[in-house]
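Structure, as structure tokens:
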Amino acid sequence: MDAAYDRLACTECGSRLSRGPSGCAACDLANGFRYVAIEVDRPGVPPGNEHALRVNVSVVRRPSGISWREVAARRLSLPFLLDGHLPTIKQAQAARALLNQGGTAEDLAEHLNLAWGNAHNQLRPAARKNPRRMEATSAPIAELCTRFV
């Protein structure tokens, strides 16, 4: 769906369709269509992985109106979701707590690699051969998010 939207321009704001600012009626409508699709998980991933992936991609592709903490968490967790991992509620809450306490991108990346990466590698040993992990940086997470938007 995202590939199709990237080929279309919004008639109201001129951005790529669904990626315009919050409040653009055409982009808001197109963005909403992402959530009505039937999500079938890929083979070998936990139930709910495809939904988590779709939501994270949606937030990262259209960060306007979303807090920088939310964008950072979604952006840094994408490699884990793409690799087939799905965090538990407790793992996701611990990552959010780290952000809410003023953690840096380096803190969050380290937390994700330790808490999510280790659990994932125990479930799928093949992932150890080619791990996809976000490079850590000491920049504050708010700066990291604005660099990639």
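Residues: numbered from 1 along the sequence shown.
Legend: side chain to side chain donor-acceptor pair (under 3.5 Å) pairs involving residues 12-29, not counting sequence neighbours, sorted by first then second residue: Ser18-Arg34, Ser22-Ser64, Asp28-Arg62.
Taking 4.5 Å as the limit, every side-chain heavy atom of Leu99 sits out of range of all side-chain heavy atoms of Glu70. In this structure the side chain of Leu86 never reaches within 4.5 angstrom of the side chain of Val45, judged on heavy atoms. At least one side-chain heavy atom of Cys24 sits under 4.5 Å from a side-chain heavy atom of Cys10.
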TODO: For side-chain contact (heavy atoms from CB on, under 4.5 Å), just list the numbers for Arg61 and Asp6, CA-CA rounded to whole Å, side-chain angles, deciding distance to a tenth of an Å, and then say yes or no.
DONE: CA-CA 10 Å; Arg61 290 179 62 86; Asp6 280 349; 2.3 Å; yes
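Interatomic distance, Ser58 OG to Ile66 CD1, rounded to the nearest 0.5 Å: 7.0 Å. For the atom pair CG (Leu98) and CG (Leu108), the distance works out to 5.5 Å, reported to the nearest 0.5 Å. Put simply, NE2 on His51 and CG on Leu53 are 10.5 Å apart, with the number rounded to the nearest 0.5 Å.
Crowding of Arg42 atom CZ: a count of heavy atoms from other residues, nucleotides or ligands under 6.0 Å exceeding 12.
Heavy atoms only, all atoms of each residue included: Val60 and Pro63 are closest at O-CD, 3.6 Å. Leu112 approaches Ser77 most closely through the heavy-atom pair CD1-N, 4.1 Å. Minimum heavy-atom separation, Pro47 to Asp41: CA-OD2, 3.2 Å. Gly84 and Asn49 get closest at one heavy-atom pair: C-ND2, 3.7 Å. Minimum heavy-atom separation, Glu39 to Glu50: CB-CG, 3.9 Å.
Without hydrogens or angle criteria, Asp107 side chain to Thr104 main chain gives a donor-acceptor distance under 3.5 Å.
Taking the six-membered ring where the residue is Trp, Trp116 and Phe80 present perpendicular rings, their angle passing 60° and hence far from 30°.
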